[in-house]
Each structure stands twice: as C-alpha cells, then as structure tokens.
Protein chains: 2
Amino acid sequence: MTNAFTALADPTRRTIFERVAAQPSAVGALAAELPVSRPAVSQHLRVLKDAGLVVDEAHGTRRVYRVRQEGLAELRAYLDQFWDQSLAAFRDLAEAEDA
Amino acid sequence: MTNAFTALADPTRRTIFERVAAQPSAVGALAAELPVSRPAVSQHLRVLKDAGLVVDEAHGTRRVYRVRQEGLAELRAYLDQFWDQSLAAFRDLAEAEDA
DNA sequence: ACTTACGGTAAGCGAAAGCTTACATATCTT
DNA sequence: AAGATATGTAAGCTTTCGCTTACCGTAAGT
C-alpha cells in the first residue's frame, strides 16, 4: 500500500491514473493520448496495478484498466492516520509551552 | 502539491515524515534514529518542505520540523477527487452495460 | 488456417535520485 | 572572542527509473 506513493510520484504515471479514473480505458487508447510509447504505458500500468491502485479486465483482445477503490481508500486512511497524529502532537506541544 | 507523492515515495523519507508526524523533531534527533547520515536527513526534509508537507521553525541552533496540516489536507482533497471520479465512471459503466 | 490487432516482456541506455564525505554558516556557551 | 553545537550545501558516486526498440503471446476476423 505504501508503494502507492511511488506509483503516483511519476508525472506520466499520475496522468495515466487520472485518465483511468475519469474513464476506464485500454492500453492503446491511453497511449494514443500520451507522449510516450505504448510499452511505456503498459509498464506504468503494471506499477499502478502492483500498488493496488488499478485493476484490469480482459475485454476481447483489449485490457481495460480501471481504478481500484480499495486502493484509494487505503491510501486515504494512511494519510488520515498522520492527520490525527500531527494534530495530537501539536496539542501536546501547545500544552508543553504553557508549562 | 502533486509533488507530495514524490516526497512520500522514498521509504526513508516516509519514515522521517512518520516520525515528524508523531512528534515534531530536530534534524539531529531524527538522524540518530535512522540508518542514514545527518545530511541525508537534511536533504530529505528539504524535499518534504518543498512539497509543503512539513514546516520548520528555528529553536536556538536547532531547527524543529513539524507536519504542515494544509499539505496533508491538499493531498487528501486530491485523492478524494479521484474517488468521486472513479465512482462516477463506474456508475456510467454499469448503466452502459444495462443498455 | 492466416492475418491482423492488441498488449505484455526483455534488453539496454541516459537521466535522475539518494547517499556519503567534506565544507560553510549560524547560534549558544563560557 | 573563541570554541562547541546544530544544520544546510556542494561534489561525486552508485543505483534506480523511465523510456525506446525489438520480440513474443493471445484473441478476433476473414
């Protein structure tokens, strides 16, 4: 799950993820809209898939990729954890300064 | 803001962020707990700062880093956007399959 | 069956990232 | 004022990353 950050770090890969989020798409369709080759897109999708951010489904000879909601949920939960932590730490700090 | 993903992609840097979230800390204190050198920690903190995920405050000769809540908020908002998008796309797909 | 379309994989190359050591800067202490 | 403490910065090296081209497998159409 923590690998999702690595997956979304690259600009091209993030763009691919955005397109897939806007509309589930096949590899070739994505590559046609991007300034990189089709194999590059394929490799990026593999990284996104390994990170649990997308899933693929065979549709004839095409492979349609779509966002995996659970991946997004896990990522958000991870961030929320730090949100709570940092708020608590800030509160502790304020209390310490009062003393 | 989108650079926050790059900032959190590296494992060492993510650990640093976790420590800072748990408790605002100075550079040396962080480096003492990590398997990398102090300059490395300093460089990582610079990346996190540029990404808007942490802020630093001078405390004497030390520099205390803490989480920047706004950075986390922006990151979560970005993810929520995809959450909504992918749900809508999924709904559209289901409707299309009915037809 | 043969051809065409679509996509994953391997090899290799240039750019970028992360680390270390060495050096520079600023603040606190005595 | 001088030394000590704490941190940022520069240079260089090694590894990783993203890209391309070439190749292979699989499913559909004729």
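Within every chain, numbering begins at 1; the chains are lettered A, B, ... in the order of the sequence lines, protein sequences first and strands thereafter.
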J.: When you look at A:R19 and A:E33, which way does the salt bridge (charged side-chain N to carboxylate O under 4.0 Å, His left out) test go after all the steps?
T.: CA-CA 10 Å; A:R19 304 286 178 108; A:E33 296 176 338; 2.6 Å; yes
J.: Can you tell me the distance, in whole Å, between the CD atom of B:E57 and the C1' atom of C:dA26?
T.: 17 Å
J.: Side chains of A:L72 and B:F82: does their closest heavy-atom pair fall under 4.5 Å?
T.: yes
J.: Quick one: B:D56 CG to C:dA26 P, roughly how many Å, whole number?
T.: 16 Å
J.: Hey, is the side chain of A:T12 poking within less than 4.0 Å of OP1 or OP2 on D:dC19, counting only N and O atoms?
T.: yes
J.: Please answer whether the main-chain N or O of A:R38 pairs with a side-chain N or O of A:S42 as donor and acceptor at a distance below 3.5 Å.
T.: no
J.: Starting at CD1 of B:I16 and ending at C1' of D:dG8, how long is that distance when rounded to a whole Å?
T.: 14 Å
J.: Measure CG/A:L48 against C1'/C:dG8 and give the value in whole Å, please.
T.: 15 Å
J.: Between atom CG in B:L34 and atom C1' in D:dT7, what is the gap in whole Å?
T.: 16 Å
J.: Produce a footprint string for nucleotides 25-30 of chain D: one letter per nucleotide, 5' end first; B if the base is under 4.0 Å from any protein heavy atom, S if only the sugar-phosphate is, - if neither.
T.: --SS--
J.: Taking only N/O atoms, report every protein-nucleotides 13-17 of chain C pair under 3.5 Å with atom names and distance.
T.:
none

J.: For A:L79 and B:L79, what are the C-alpha separation, side-chain angles and deciding distance, and is it a side chain to side chain contact (heavy atoms under 4.5 Å, CB included)?
T.: CA-CA 10 Å; A:L79 290 178; B:L79 290 178; 3.7 Å; yes
J.: Is the phosphate of D:dA6, meaning OP1 or OP2, less than 4.0 Å from a side-chain N or O of B:Y65?
T.: no
J.: For A:A26, report the nucleic acid contact type (base, sugar-phosphate, nothing); a contact means any heavy atom under 4.0 Å.
T.: sugar-phosphate
J.: Do the side chains of B:F17 and B:V64 join up, straight or via other hydrophobic residues, at under 4.5 Å, putting them in one cluster?
T.: no
J.: Is there a side chain to side chain contact (heavy atoms under 4.5 Å, CB included) between A:S86 and B:Q69? Walk through the geometry before answering.
T.: CA-CA 8 Å; A:S86 60; B:Q69 266 90 7; 3.3 Å; yes
J.: Determine whether A:V47 and A:L75 fall in the same hydrophobic cluster, where Ile, Leu, Val, Met, Phe, Trp and Tyr are linked whenever their side-chain heavy atoms lie under 4.5 Å apart.
T.: no
J.: Expressed as a whole number of angstroms, how long is the span from B:R62:CZ to C:dT27:C1'?
T.: 12 Å
J.: Counting only N and O atoms by type, is there a donor-acceptor contact under 3.5 Å from the side chain of A:R14 to the main-chain atoms of A:L8?
T.: yes
J.: Quick one: does A:R68's side chain have a donor or acceptor within less than 3.5 Å of a partner on A:G52's backbone?
T.: yes
J.: Test your reading of the model: is there a side-chain donor-acceptor pair from A:S25 to the backbone of A:Q23, 3.5 Å cut-off?
T.: yes
J.: Between C1' on D:dA6 and CG on B:L30, what's the gap in Å once rounded to a whole number?
T.: 13 Å
J.: Please work out which residues in residues 35-46 of chain A have a non-hydrogen atom less than 4.0 Å from an atom of DNA chain C and list them by number.
T.: A:R38, A:P39, A:S42, A:Q43, A:R46
J.: Flag yes if B:V55 and A:W83 sit in one hydrophobic cluster, no otherwise; membership is Ile, Leu, Val, Met, Phe, Trp, Tyr, and two members link when side-chain heavy atoms are under 4.5 Å apart.
T.: no
